[in-house]
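Heads up, the thing below is written out as structure tokens.
Residue numbers start at 1 and run along the sequence shown. Reckoned from all heavy atoms, side chains included, excluding hydrogens, waters and symmetry mates. The shown structure was predicted, so the numbers you read here are calculated from the model rather than taken from an experiment.
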Amino acid sequence: MSANSLVFSLEMTAVSKSYLKDVLRALLHSIFFHRLLINVTPREGHFLDTTVSMTGNKEVEDLIEEKVVDFYMSMSTGQAKRQGKIAVLFYEKRLKNNWWQFSKSEELICWEQWAITITVLEPQSEQEKQKIRKSTERQLNQNLMKILNIINDHKEHIPSITTTEGNPFPYQIAILGSSESWAAMIKRLIVTDAPVDSNGGVTSGGGGGNSEGNTTTGNRINN
């Protein structure tokens with residue numbers, strides 16, 4: 001479910017495939033560094049001569065790397081120019097009264113969405129390659145600054161932290177597939193495919209998307 005979740009958009013308009021993984025790593029690590037609201041041991045990542053703060057959380061970093069590879073593979077179509085989209089969603093756990101009022105269960109409310117759009121453009125000459133690299137570095141820095149500004153300017157919508165056990169806000173990363181619209185994917189992730197564990201309960205992390213670009217929801221369980 002979604003209760004007035006905020007949506008923030010990031011876009012890279014011309015990225016060479018050789019820089020695609022580093023660009024996406026930088027954006028995702030930056031988002032999670034500011035939104036994984038637990039105690040972390042931060043570390044630095046270096047992408048395209050840009051330094052990005054990372055959470056140092058193995059589960060998050062493994063999920064990001066998995067989705068970076070999936071997104072890269074989904075963009076390997078052989079076309080000179082192609083566009084892909086990836087979503088990051090953060091949820092709040094809430095207790096839900098069942099209709100007969102005798103029991104309660106947990107439900108997930110999406111409170112923030114990030115929409116990342118990346119256009120891959122293959123250079124046709126060495127001169128064009130250098131031009132694209134400079135443009136990519138400039139756009140990456142602009143988007144990292146945009147993330148920082150968003151984090152500083154939008155705080156009132158962040159739910160209260162009600163637990164000290166693990167990550168209070170489940171998250172999900174999903175890659176848009178060719179057979180689904182963006183709106184349909186987001187609706188599915190919010191309404192029917194929020195992250196759950198094998199017993200049907202809420203889990204703290206999750207991810208959707210594979211190398212085919214599909215967006216079936218995966219499960220990520222905290223032990």
Side-chain angles (χ1 to χ4, degrees), residues 7-35 42-55 60-89 112-153 172-186 189 207-215:
V7 182
F8 303 116
S9 298
L10 306 172
E11 185 171 8
M12 301 281 297
T13 58
V15 178
S16 171
K17 189 179 177 183
S18 58
Y19 308 137
L20 178 58
K21 288 183 179 180
D22 273 356
V23 164
L24 191 53
R25 286 184 185 114
L27 296 175
L28 291 176
H29 278 297
S30 183
I31 291 170
F32 274 91
F33 180 76
H34 294 288
R35 281 295 179 249
R43 65 188 187 92
E44 291 184 345
H46 302 280
F47 310 104
L48 289 178
D49 297 327
T50 299
T51 300
V52 176
S53 294
M54 301 166 59
T55 65
V60 170
E61 294 189 2
D62 286 350
L63 177 62
I64 288 176
E65 192 59 29
E66 174 189 329
K67 297 308 169 187
V68 164
V69 172
D70 288 348
F71 189 80
Y72 180 87
M73 295 300 295
S74 74
M75 299 295 281
S76 301
T77 63
Q79 297 175 325
K81 184 177 181 179
R82 52 225 183 262
Q83 186 180 88
K85 298 190 74 171
I86 187 166
V88 181
L89 294 88
E112 186 171 278
Q113 303 172 36
W114 294 79
I116 303 173
T117 304
I118 300 179
T119 301
V120 173
L121 182 63
E122 288 302 326
Q124 303 300 311
S125 65
E126 184 62 30
Q127 182 179 9
E128 188 175 358
K129 181 179 180 180
Q130 295 301 319
K131 183 179 179 181
I132 288 177
R133 180 182 174 91
K134 290 181 180 179
S135 174
T136 299
E137 291 176 341
R138 183 180 68 255
Q139 289 185 70
L140 178 59
N141 284 315
Q142 289 173 343
N143 276 286
L144 291 173
M145 182 58 66
K146 182 177 181 179
I147 292 172
L148 186 59
N149 289 335
I150 287 171
I151 297 301
N152 288 332
D153 293 342
Q172 192 155 223
I173 302 175
I175 300 166
L176 180 65
S178 58
S179 61
E180 191 172 30
S181 70
W182 179 261
M185 183 185 78
I186 294 299
L189 293 173
N210 58 29
S211 59
E212 298 297 325
N214 297 322
T215 54

Residue pair [X] / [Y], side-chain heavy-atom distance below 4.5 Å:
X	Y	answer
Met145	Gln142	no
Val88	Phe32	yes
Leu28	Leu63	no
Ile31	Leu10	yes
Trp114	Leu27	no
Ile186	Val7	no
Phe33	Val52	no
Phe71	Ile118	yes

Donor-acceptor contact present, side-chain [X] to main-chain [Y], <3.5 Å:
X	Y	answer
Gln124	Glu122	yes
Ser16	Tyr19	no
Lys81	Ala14	no
Gln83	Thr117	no

Tell me which one of Glu137, Lys131, Arg133, Gln139 satisfies side chain to side chain donor-acceptor pair (under 3.5 Å) with Ser135.
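Of the listed residues Glu137, Lys131, Arg133, Gln139, the side chain to side chain donor-acceptor pair (under 3.5 Å) partner of Ser135 is Gln139.
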Does the plane of the ring in His29 sit parallel, tilted or perpendicular to the ring in Phe47? Use 30° and 60° as the thresholds.
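Aromatic pair His29/Phe47 classed parallel.
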Starting from the C-alpha separation in whole Å, work towards a yes-or-no answer on side-chain contact (heavy atoms from CB on, under 4.5 Å) for Ile151 and Arg35.
CA-CA 9 Å; Ile151 297 301; Arg35 281 295 179 249; 3.5 Å; yes
Please find the pair of heavy atoms, one from [X] and one from [Y], that lie closest to each other, and give the distance.
X	Y	value
Asp22	Leu48	OD2-N, 4.2 Å
Ser76	Lys17	OG-NZ, 2.6 Å
Val15	Ile132	C-CG2, 4.3 Å
Met54	Glu44	SD-C, 4.0 Å
Leu176	Met185	CA-SD, 3.7 Å
Met12	Thr136	CE-O, 3.5 Å

Measure the spacing between [atom1] of [X] and [atom2] of [Y] and express it to the nearest 0.5 Å.
X	Y	atom1	atom2	result
Asp70	Glu65	CG	CD	10.0 Å
Lys67	Leu24	NZ	CG	11.5 Å
Ile147	His34	CD1	NE2	7.5 Å
Asn143	Leu148	CG	CG	12.5 Å

